[in-house]
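Per chain, numbering begins at 1; letters A, B, ... match sequence-line order.
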Number of protein chains: 2
Amino acid sequence: MSPTQLISAPISSSSSPAFFGAASTSFNARSHSVSYPSKRLSLCRCVAVPQEEKTAYKTSVSRNENMAKLQAGYLFPEIARRRNAHLSKNPDAKVISLGIGDTTEPIPEVITSALSKRALALSTYEGYSGYGPEQGEKPLRTAIASAFYRDLGIGEDDIFVSDGAKCDISRLQMVFGSNVTIAVQDPSYPSPNRTYKLVGKLGEKDYMPCASLVDAIIVSMPMAYVDSGVIMGQTGQFQKDVEKYGKIEYMRCTPENGFFPDLSKVSRTDIIFFCSPNNPTGSAATREQLTKLVKFAKDNGSIIVYDSAYAMYMSDDNPRSIFEIPGAKEVAIETSSFSKYAGFTGVRLGWTVVPKELLFSDGFPVAKDFNRIVCTAFNGASNICQAGGLACLSPEGLKAMGQVIGFYKENTSIIMDTFNSLGFKVYGGKNAPYVWVHFPGRSSWDVFSEILEKTHVVTTPGSGFGPGGEGFVRVSAFGRRENILEACKRFKQLYK
Amino acid sequence: MSPTQLISAPISSSSSPAFFGAASTSFNARSHSVSYPSKRLSLCRCVAVPQEEKTAYKTSVSRNENMAKLQAGYLFPEIARRRNAHLSKNPDAKVISLGIGDTTEPIPEVITSALSKRALALSTYEGYSGYGPEQGEKPLRTAIASAFYRDLGIGEDDIFVSDGAKCDISRLQMVFGSNVTIAVQDPSYPSPNRTYKLVGKLGEKDYMPCASLVDAIIVSMPMAYVDSGVIMGQTGQFQKDVEKYGKIEYMRCTPENGFFPDLSKVSRTDIIFFCSPNNPTGSAATREQLTKLVKFAKDNGSIIVYDSAYAMYMSDDNPRSIFEIPGAKEVAIETSSFSKYAGFTGVRLGWTVVPKELLFSDGFPVAKDFNRIVCTAFNGASNICQAGGLACLSPEGLKAMGQVIGFYKENTSIIMDTFNSLGFKVYGGKNAPYVWVHFPGRSSWDVFSEILEKTHVVTTPGSGFGPGGEGFVRVSAFGRRENILEACKRFKQLYK
């Protein structure tokens, strides 16, 4: 096989020679040695012979060593692999995916009609618009400020409209640069690293990772916050023994501490990523806990990056925004999204709040540097999608979003009731569309496999979100009602 | 005035105390001293008193030193400032803006109806889609491959759909990291750094910079490629004497060298940013020139990042893609966009081609690292906008795009004929919607002011694009026909 053939397989092909070649090269690129479990070799259709590779033209540009530090997306590809193995063993199984938390309900018409209207208007001189402000159109920024931050001293000029929270996390990391230290919750959400969809039964979605199943041999837990930090050079190498990157502070969140880190044991970092309501545990921090967090940040001169993408799912009287905590504007950034409120996961629209009161140690406003990044690395969210966002925040839109959220919350209750009735200790659910089921003393992956084999339901093993998730399984409430009911029926048969 | 008040003015306000305060802090943050022309002081309504600032809470997080290196956006704010000064002196002047190259023609209905249709379908179970592949939906990737790269050996799996070329440039810079050297054309396109629109006459758009007029005191030329390099830490400090950043290779493009750099005088860099057809000079590289460029890259082991966003504007028989040059797949990346083809500047849709044959020095495929960045820092272009892109590439869509492009090309001819008839040496135009008019021996800014004062037409001074642009003025062909005709009438009166 020629070197060109060797690297001419589709980049998205999970078990292509391209990736075996790539993976093997990346091993050389990595400064630490990589073990290679032979049992996984069966994944590869073809083995690259190094001397063949040598004959391919290479540039003299060195690979970014931070990219080489990145560990392969492991969780979702492994889930997909086991799911597909299960499907090939049980071709007629009606598999239900409650794994990846992707929205399934259509977008309310009051919102799509606004999207459609703006799109059609672009064919008229009156309705046409070209480049808009990178920070978002003023009416939308104003509507976000009034819908989510009224009386919190956050103005439209503090709000940056974006194409999603994940993208803003990366832009924030560009602002911070390579010399900051970061803290993340453990467990915490891994970046799915999707490359393409596998066509599954019942139309549910599963994804293969960018990094391919071959890379998945290197067991790791790339997290959205973490990966962007690794890319920016904020971290050390990945330490396989503890499954953590060097220089990152992992804040353990377990039932024992009410899923809120024991801050007396947390080392000071420049940046603290904090997601509440939390994915995967489904727990939401209380006002008292967030007051502690803000004080902790202020005492340490840290910046909190607060991810509130599930705030509207809260039933308890917890703060919907970190800015409900006095003094938070001097230490916190908040990022959120329309994805899980209006089913915008594919439409792409979110926002980030950077208060003008937030200053670097030299007194320079963080908002000014973020603004510069937004203007340099981004060109604004689509004008069509911004019209949809504005419709979401109209009285009718807010009502419609409430109905979508209410539907998923009903799903959540059905799942919680099911596991409660079976005697399991269940966490989350009440304030987020994720149910965090405890299987004390058992391995998350064993439980995942048991559920898949016995009920044909795909869940997510808690350990995939970090060591703190071991012994738990995450059940996502994003799904069609009939699938949720059928899955719960099967759970009851399995664990009755 | 309290420190909080001092930094509580709108971030977008150009002459707000916030930015005076910020700018004065940024001066301390900068390692080089900054002169402060007193004549500009009138721009500031209020002067920040340093000791007042001290009382504001500051975090202990150090500002990213690369961000501090960034020079303020100067060109467009200065144009806006002069334009507004002109408007206040001549309140009744019918100002025509041929400055910023923003599209003005509505999007053809065959395209907006597809955008609308996809949006409305999101309200149905059949048409709803959530997270899509970050690299773009396969039908669009396939359509791009077949429309722009047929017979060039570029497949859909080499194509990454994005929210625009500017955003992809930044993601590519994240792949390359801080240890690469870069080369850019001089003159070259500055990043507009818009913050908000000024409401102008005739509905034309002008923008104010992120960095505000106060920062604009620091004369500089941030370029889209350059700024992202500075942010990633690839460059040295800005050298005000030569108006260049350290460690960047500036490739001079002038009439003397046919707007193609003398490669024998260009030092080797890891990355070569090359825009053709070029903004601002409007010149397009020939097959022979691009063959030289590819050989130059191959001899040096460099990677070319080829910006072909204006390729469809070409009249001459030049390559539309760098991949028409044999061997380019081993040394080049190409980025392009629907912005100037279909009026998508506000809709946001582009793509980048990273051939799987392109390898780092260790043999690792660049596409694999770009894919990882796309999956970590991006979540895919909006599904609605991707439907619009697919419609652009249908037979009717291609025809409609051709008509839009044809309209702007007619504008270009009108402008070229005007300046030719007045005896000016005119460059560009033939292969791009920009006319590059030579005023030998004169300062670009003097000519800009002369044209503004005598004809109320806003152009762009060539020197704003780099030292190589001195003595030139760029006239953009993006505009309503009646404005183009009126502007040309005034040019004829002025220079007859």
**Student:** Got a second to check how far A/F360's CZ is from B/M67's CE, nearest 0.5 Å?
**Tutor:** 8.0 Å
**Student:** To check you understand the geometry: which heavy-atom pair defines the closest contact between A/A56 and B/L359, and what is its length?
**Tutor:** CB-CD1, 4.0 Å
**Student:** Please state whether the side chain, the backbone, both or neither of B/A297 comes within less than 4.5 Å of a heavy atom of chain A.
**Tutor:**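 Just its backbone gets close to chain A.
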**Student:** Tell me, side chain or backbone of B/F176 under 4.5 Å from chain A's heavy atoms, or both, or neither?
**Tutor:**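 For B/F176, the backbone is the part near chain A, not the side chain.
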**Student:** Please state whether the side chain, the backbone, both or neither of B/K298 comes within less than 4.5 Å of a heavy atom of chain A.
**Tutor:**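 Contact with chain A involves both backbone and side-chain atoms of B/K298.
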**Student:** Between B/R118 and chain A, with a heavy-atom cut-off of 4.5 Å, which part of the residue counts as in contact: side chain, backbone, both or neither?
**Tutor:**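 Nothing of B/R118, per the 4.5 Å heavy-atom cut-off to chain A.
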**Student:** Look up atom CG in B/L122 and atom CD1 in A/I107, then write down how far apart they are to the nearest 0.5 Å.
**Tutor:**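 Reported to 0.5 Å precision, the distance equals 4.5 Å.
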**Student:** Any idea which of B/N64, B/V61, B/L120 has the most non-hydrogen atom pairs under 4.5 angstrom with chain A?
**Tutor:**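 Max contact count across the listed options: B/V61.
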**Student:** Need one label for B/N300: side chain, backbone, both or neither, based on atoms under 4.5 Å from any heavy atom in chain A.
**Tutor:**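 Only the backbone of B/N300 comes within 4.5 Å of chain A.
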**Student:** Measure distances from B/I231 to the heavy atoms of chain A and classify the residue's part below 4.5 Å as side chain, backbone, both or neither.
**Tutor:** side chain
**Student:** Could you tell me if A/T103 and B/Y128 have a donor-acceptor pair between their side chains, going purely by distance under 3.5 Å?
**Tutor:**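 Distance-only check passes for B/Y128 and A/T103.
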**Student:** Below 4.5 Å from any heavy atom of chain A, which atoms of B/V175 appear? Answer side chain, backbone, both or neither.
**Tutor:**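 Answer is backbone: N, CA, C or O of B/V175 sit under 4.5 Å from chain A.
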**Student:** Given the options A/S60, A/A119, A/S170, which has more heavy-atom pairs under 4.5 Å with chain B than any of the others?
**Tutor:** A/S60
**Student:** Judged by atom type as modelled, is there a donor-acceptor pair below 3.5 Å linking the side chain of B/K166 to the main-chain atoms of A/A377?
**Tutor:**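 Side chain of B/K166 to backbone of A/A377: no pair is present.
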**Student:** B/S382, B/G155, B/S123, B/S113: which one forms the most heavy-atom pairs within less than 4.5 Å of chain A?
**Tutor:**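 The candidate making the most pairs under 4.5 Å is B/S123.
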**Student:** So do the side chains of A/E105 and B/Y125 get within less than 4.5 Å of each other, counting heavy atoms only?
**Tutor:** yes
**Student:** Enter the distance from B/R348:CZ to A/F378:CZ here, rounded to the nearest 0.5 Å.
**Tutor:** 8.0 Å
**Student:** Decide side-chain contact (heavy atoms from CB on, under 4.5 Å) for A/N383 and B/V347; before the verdict, give the C-alpha distance in whole Å, the side-chain angles of both, and the deciding distance to 0.1 Å.
**Tutor:** CA-CA 6 Å; A/N383 48 16; B/V347 172; 3.8 Å; yes
**Student:** Side chain, backbone, both or neither: which part of B/S302 has a non-hydrogen atom closer than 4.5 Å to chain A?
**Tutor:** backbone
**Student:** What part of B/K340 gets within 4.5 angstrom of chain A, counting heavy atoms only: side chain, backbone, both, or neither?
**Tutor:**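 Contact with chain A: side chain only.
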**Student:** Working to the nearest 0.5 Å, report the span between OH of B/Y57 and CD of A/E330.
**Tutor:**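 So the gap between those two atoms works out to 7.5 Å.
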**Student:** Side chain, backbone, both or neither: which part of B/Q173 has a non-hydrogen atom closer than 4.5 Å to chain A?
**Tutor:** neither
**Student:** Does A/N379 use its side chain to pair, donor to acceptor, with the backbone of B/D163 at less than 3.5 Å?
**Tutor:**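 The answer is no, because no donor-acceptor pair under 3.5 Å joins these two groups.
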**Student:** Heavy-atom distances under 4.5 Å only: say whether B/A121 touches chain A with side chain, backbone, both or neither.
**Tutor:** neither
**Student:** Using non-hydrogen atoms and a 4.5 Å limit, figure out which bit of B/V180 sits close to chain A: side chain, backbone, both or neither.
**Tutor:** side chain
**Student:** Look up atom NZ in B/K58 and atom CD in A/E357, then write down how far apart they are to the nearest 0.5 Å.
**Tutor:**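 So the gap between those two atoms works out to 14.0 Å.
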**Student:** Report yes or no: does A/S361 contribute a side-chain atom to a donor-acceptor pair with the main-chain N or O of B/T59 at less than 3.5 Å?
**Tutor:** no
**Student:** Counting heavy-atom pairs under 4.5 Å to chain A, which of B/V374, B/L349, B/D168, B/D270 comes out on top?
**Tutor:**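 If we count pairs closer than 4.5 Å to chain A, B/D270 comes out on top.
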**Student:** What part of B/R171 is in contact with chain A, defined as an atom under 4.5 angstrom from a non-hydrogen atom: side chain, backbone, both or neither?
**Tutor:**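 Contact with chain A: none, neither part.
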**Student:** So which of A/G164, A/G343, A/G380, A/P355 has the biggest tally of heavy-atom pairs under 4.5 Å with chain B?
**Tutor:** A/G343
**Student:** When heavy-atom pairs shorter than 4.5 Å are enumerated against chain B, which of A/G177, A/C167, A/S339 gives the highest number?
**Tutor:**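 Answer, by heavy-atom pair count under 4.5 Å with chain B: A/C167.
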**Student:** Can you check whether A/I384 reaches B/L115 side chain to side chain, under 4.5 Å on heavy atoms?
**Tutor:** yes
**Student:** Determine the minimum heavy-atom distance between B/T376 and A/S228, stating which atoms define it.
**Tutor:** CG2-N, 4.0 Å
**Student:** For each of B/I373, B/N66, B/I111, tally heavy-atom pairs with chain A at distances under 4.5 Å, and name the one with the top tally.
**Tutor:** B/I373
**Student:** I'd like to know which of A/V354, A/I303, A/N179 tops the heavy-atom pair count under 4.5 Å against chain B.
**Tutor:** A/I303
